2 protein chains.
Amino acid sequence: MSSNSALNIIKIGGNVIDSENDLNAFLEKFAALPGKKILVHGGGKIASRMAADLGLEVKMVEGRRITDKAMLRIATMVYAGLTNKSIVAQLQKLSCDAIGLSGADGNTIKSMKRPIKDIDYGYVGDIMHDSVNTGSIKKFLEAGFTPVFSAITHNGKGQLLNTNADTIAAALAVGLSDLYETSLVYCFEKNGVLRDVTDENSVISQIALSEFEPLKDQGVIADGMIPKMQNAFEAIGKGVKKVYIGNANNLHLFQQGQFGTCMILK
Amino acid sequence: MSSNSALNIIKIGGNVIDSENDLNAFLEKFAALPGKKILVHGGGKIASRMAADLGLEVKMVEGRRITDKAMLRIATMVYAGLTNKSIVAQLQKLSCDAIGLSGADGNTIKSMKRPIKDIDYGYVGDIMHDSVNTGSIKKFLEAGFTPVFSAITHNGKGQLLNTNADTIAAALAVGLSDLYETSLVYCFEKNGVLRDVTDENSVISQIALSEFEPLKDQGVIADGMIPKMQNAFEAIGKGVKKVYIGNANNLHLFQQGQFGTCMILK
């Protein structure tokens, strides 16, 4: 669909959000990106600190965090309230016409409360194949707004749900690839996929799907990078043009095609 | 401007928000209102409770609450986060395509930090004559969305500010009266302006500006109703077609013209 206009969907994680300086530096680079774009932000540590300050116990089952009713309230307050609105106000200052959204706003992202199997994760929303309301999001984009998504969605029946921000970003990129030539950009703390994990300058600039298995066999792609890249190639298989992974501090290099590692189909 | 389409701007206060049952009953009535509409919601007691739970002292100077940095964070979390998104999720359930907004979102409402004279109110934003970005709000309305405003605005320089919800509702009604035939509806705990304050059935159905002073002289309009009605007539003087004041529980009667007291120019 090369006749469609380009859309960049950029996800930042908690480590950037937790530092006001890092966040503001990142937002300047984000605001400067030309063309249509969407920001998706994760949570950061504010919600956990808030929970601790309120004397709430963070519930874990088999090493995984459980979102009970009290935790959902805090996630909604912090992610969709404090963090989202602070980012939007900052972007407006930078002349980027941002609007902050949860999945409930404009019914943009509907999710399904995770079914209880061995573990009851509580108020966690899983993305479905039809979660993304492309018509609604298109209205915002075509009106010139830059949507800023927090990791809160809804089930369409009045229930807000906590949803993984990486998954939201991927679902947006896949869903909107029918309407736009979408690129998905994951910002994290490393410069990209490194050929030598001890050398931040050894970034592999491009990885095609056919190179993924050999790089895994060589041990270049290991540990936490494996699921990240599997998700990336899955998104590409579903219509996303390119998936990038790189350092939030380097987003200004994105336009020059010098940002992190780019994953492509072939 | 009778050729313009109608727009109802409805404000609900904290007493409705503090009761989940009352709020849901109100939202059903709001969702059922046909045509273009905007909801503005106040704060309620959740923010004060949250502040108390976090051990924060509510700062008062000469009986007036001060919004320091910690209180602004809480107001942003609760008003623009928890309350706003809960309302939006509920409206979506009722097939009302709501989007929750702070004044920063889409740069819809810009305010000015209140100047320090005798008292430093802290992070409180005052509305200016050009606060309302009608072009931005029009985009949402024309796209079929129902904006839901929390009482958080921004100064355009990256600072969020706490702003009175009544004032926001009036500013929206005045600003948007250039584009729409706006009515402003204040929901509160009484059935309207009462001829006999002890009789909820003695609602005065209509008050023209010329009747305001005589009703004050007669003592029918007294105490807290005086500034409310002054603000109402000020809005009418600036282009708002009608201002209503009545009970949130009676909003279903609005379409039949049987809601509370209606203030008109003449």
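Numbers restart at 1 for each chain; the letters A, B, ... are given by sequence-line order, proteins then strands. Below, all heavy atoms of this structure are taken into account, side chains as well, without hydrogens, waters or symmetry copies. None of these values were measured; they are calculated from a predicted model.
- For the set B/His154, B/Lys157, B/Met77, the entry with the most heavy-atom pairs within less than 4.5 Å of chain A is B/Met77.
- Looking only at heavy-atom pairs under 4.5 Å with chain B, the residue among A/Lys85, A/Lys110, A/Gln159 that has the most is A/Lys85.
- Of the two parts of A/Leu56, neither the backbone nor the side chain holds a non-hydrogen atom closer than 4.5 Å to a non-hydrogen atom of chain B.
- Pairing each heavy atom of A/Ser150 with each of A/Tyr79, the nearest pair is CB-O, 3.5 Å.
- Atom CG of B/Leu176 sits about 11.0 Å away from atom CG of B/Leu184, to the nearest 0.5 Å.
- Residue-level contacts of residues 24-38 of chain B with chain A do not occur; threshold 4.5 Å between heavy atoms.
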Apply side-chain contact (heavy atoms from CB on, under 4.5 Å) to residues B/Ile66 and B/Met71 and explain how you reach the verdict.
CA-CA 8 Å; B/Ile66 306 301; B/Met71 216 34 232; over 6 Å; no
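- The nearest pair of heavy atoms linking B/Asn247 to B/Phe259 is O-CE1, 3.1 Å.
- Within the 4.5 Å cutoff, the side chain of B/Thr146 has no heavy atoms near those of the B/Leu39 side chain.
- Here B/Ile74 contributes atom CD1 and B/Asp68 contributes atom CG; the two are 8.5 Å apart, rounded to the nearest 0.5 Å.
- Counting heavy-atom pairs closer than 4.5 Å to chain A, the top-ranked of the candidates B/Val78, B/Asp105, B/Asp53, B/Ile152 is B/Asp105.
- Residues of residues 13-23 of chain B having a heavy atom under 4.5 Å from any heavy atom of chain A: none.
- In this structure, B/Asn164 CG and B/Ser111 OG are separated by 12.0 Å, a value rounded to the nearest 0.5 Å.
- The stretch residues 121-145 of chain B places B/Ser136, B/Lys139, B/Phe140, B/Ala143, B/Phe145 near chain A, each with some heavy atom under 4.5 Å from a heavy atom of that chain.
- Annotation: the span from B/Leu82 atom CG to B/Thr76 atom OG1 amounts to 13.0 Å, rounded to 0.5 Å.
- For chain A, the nearby parts of B/Ser86 are the backbone and the side chain; heavy atoms of each come within less than 4.5 Å.
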Apply side-chain contact (heavy atoms from CB on, under 4.5 Å) to the pair B/Ile10 and B/Phe254, showing each step before the final yes or no.
CA-CA 11 Å; B/Ile10 294 161; B/Phe254 183 75; 5.7 Å; no
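- Using a 4.5 Å cut-off between non-hydrogen atoms, the part of residues 90-100 of chain A that approaches chain B consists of A/Gln90, A/Gln92, A/Lys93, A/Asp97, A/Ala98, A/Ile99, A/Gly100.
- Comparing A/Ala89, A/Gly103, A/Ala75 by how many heavy-atom pairs each has under 4.5 Å with chain B, the most go to A/Ala89.
- Note that CG of A/Leu172 and OG of A/Ser177 are 11.0 Å apart. Values are rounded to the nearest 0.5 Å.
- Of the residues considered (A/Leu101, A/Leu72, A/Asn107), A/Asn107 shows the highest number of contacts with chain B, using heavy-atom pairs under 4.5 Å.
- In this structure, A/Met50 and B/Leu54 have side chains that are in contact, with non-hydrogen atoms separated by less than 4.5 Å.
- Between the OG1 atom of B/Thr83 and the NE2 atom of B/His41 there is a distance of 6.0 Å, given to the nearest 0.5 Å.
- Here the closest non-hydrogen pair linking B/Ala169 and B/Tyr186 is CB-CE2, 4.3 Å.
- One N or O on the side chain of B/Thr108 and one on the backbone of B/Ser102 form a donor-acceptor pair closer than 3.5 Å.
- Inter-residue side-chain proximity for B/Asn162 and B/Arg65 is flagged as unmet; no heavy-atom pair is nearer than 4.5 Å.
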